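Owing to the predicted nature of the structure, the values given are computational and were not obtained by experimental measurement. In what follows, chains carry the letters A, B, and so on, assigned in the order in which the sequence lines appear, proteins first and then strands, with residues in each chain numbered from 1.
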Number of protein chains: 2
Amino acid sequence: MVRRTRADMEETRATLLATARKVFSERGYANTSMDDLTAQASLTRGALYHHFGDKKGLLVEVVKQIDAEMDQRLQLITNTAKDAWDGFRRRCHAYLEMALEPEIQRIILRDARSVLGGASPDSQHYCVESMRLLIDNLIQQDVVTKTNSQALASLIYGSLAEAAFWIAEGDDGNERLEQGIAALDLLLRGLLVKQ
Amino acid sequence: MVRRTRADMEETRATLLATARKVFSERGYANTSMDDLTAQASLTRGALYHHFGDKKGLLVEVVKQIDAEMDQRLQLITNTAKDAWDGFRRRCHAYLEMALEPEIQRIILRDARSVLGGASPDSQHYCVESMRLLIDNLIQQDVVTKTNSQALASLIYGSLAEAAFWIAEGDDGNERLEQGIAALDLLLRGLLVKQ
DNA sequence: TCTTATTCATACACTGTGTATGTATTATCA
DNA sequence: TGATAATACATACACAGTGTATGAATAAGA
């Protein structure tokens, strides 16, 4: 295979990342061999180890990419809300729906935690951090009762992730999603200063 | 090595389970080789594959054992509470503290989810199921607002697990634990019928 | 154009899983 | 009790997968 321009080379990295997202979300990180993965991208392991160091390094970059995309998508939703509290709630709902997507559920919520570490290890921190900032705002505006925003963000983030698994488990269309959102709203209303 | 009584044989299984709990929680499931594990138990892989089928089978049994123990410990706490709501809250607090224990955090919350599947796959279901029953009671007693108890149990269970990671991350003694419990109580009060 | 740095492929060494096989001990039943 | 079947392990092997070392081809810079 003849390599021409500089762009072709940078494309290699992007191709590997895209293939990894696809294969990881289909078969999972542990069940994916780097031979198969690179073959699907019409490359060899040489390219992969050159660009990412090792298998874990590839996963780290995949997680970073997905996390950044999620954060972007969530920002859009928050920005179009009528007020801070409404934006916060809608962001939670949106996160719950996004967590149903196979790619996010398998790579971010399942494999990344086990392979990369416990509490969102540097990567996948965008989303939690964004939520923490939102909470801080709400506390300053005296909408939400004063509390540690990191603790609260962790609690909410975790609840959404676990609920997403439960929703995805069921095959009853949107029923579980609606029930999840309803239960979530019960929890969230506890945060309000004015009940 | 000469094998004598029937009890000696049943002990083999127990020894392997105990060793697995120890080694899995120290190094993690993926980083543990079955050669090392069995050697630590003064056995060989033959014994392991005979009793548990494969590596994953061993993890399943380990998870079952730990989950049952957790549920037992939590039952004690719930039973000594003054009323149902108090018992529920104390159970949540207790779960949060238990989730800080390295063995539970590493094996149940990290590795088991990735290896065994998304939403607590049959095993590790005791705890969530117990919580669901508690919630159902509270709803029937008109203490908690009517909602889907499975959804709510998932949300709470997930929030506790994620918060536990955040707490364990910090090295500030009990500070994060207390902040976590405070934030949790904010969320939980939203469930009450009478605010 | 010559040199150096990148980019990737190929080949190899090593680790780890799972399975097949063999052996010793225990249970079953005549 | 002795013979047979079943169980409980150990040993040996095949194979897949990771990571590394090496080398070739291309691009970048002087």
Residues in salt bridge (charged side-chain N to carboxylate O under 4.0 Å, His left out) with B:Lys22, at least two apart?
B:Glu26
A:Asp142 meets the salt bridge (charged side-chain N to carboxylate O under 4.0 Å, His left out) criterion, sequence neighbours left out, with none
In 5'-to-3' order, the base (B), backbone-only (S) or no-contact (-) status of each nucleotide in nucleotides 14-20 of chain D, using a 4.0 angstrom heavy-atom cut-off, is ---SBBB
Nearest-angstrom distance from the residue atom CG of B:Leu58 to C1' of C:dG16
15 Å
Tell me, do B:Gln141 and B:Trp85 make a side-chain contact under 4.5 Å, heavy atoms counted?
no
Should we say atom CG of A:Asn79 is surrounded by more than 12 heavy atoms from elsewhere, each under 6.0 Å from it?
yes
Side-chain donor or acceptor of B:Asp67 paired with backbone N/O of B:Tyr126 under 3.5 Å:
yes
Figure out the CG/C1' separation between B:Leu48 and D:dT11, and round it to whole Å.
15 Å
side-chain N/O B:His50 vs D:dC9 OP1/OP2, d < 4.0 Å:
no
How close or far is atom P of D:dC9 from atom CZ of B:Phe52, stated in whole angstroms?
10 Å
So, OP1 or OP2 of D:dC9: does either fall under 4.0 Å of a side-chain N or O from B:Thr12?
yes
Would A:Thr145 and B:Arg189 count as having a side-chain donor-acceptor pair, cut-off 3.5 Å?
yes
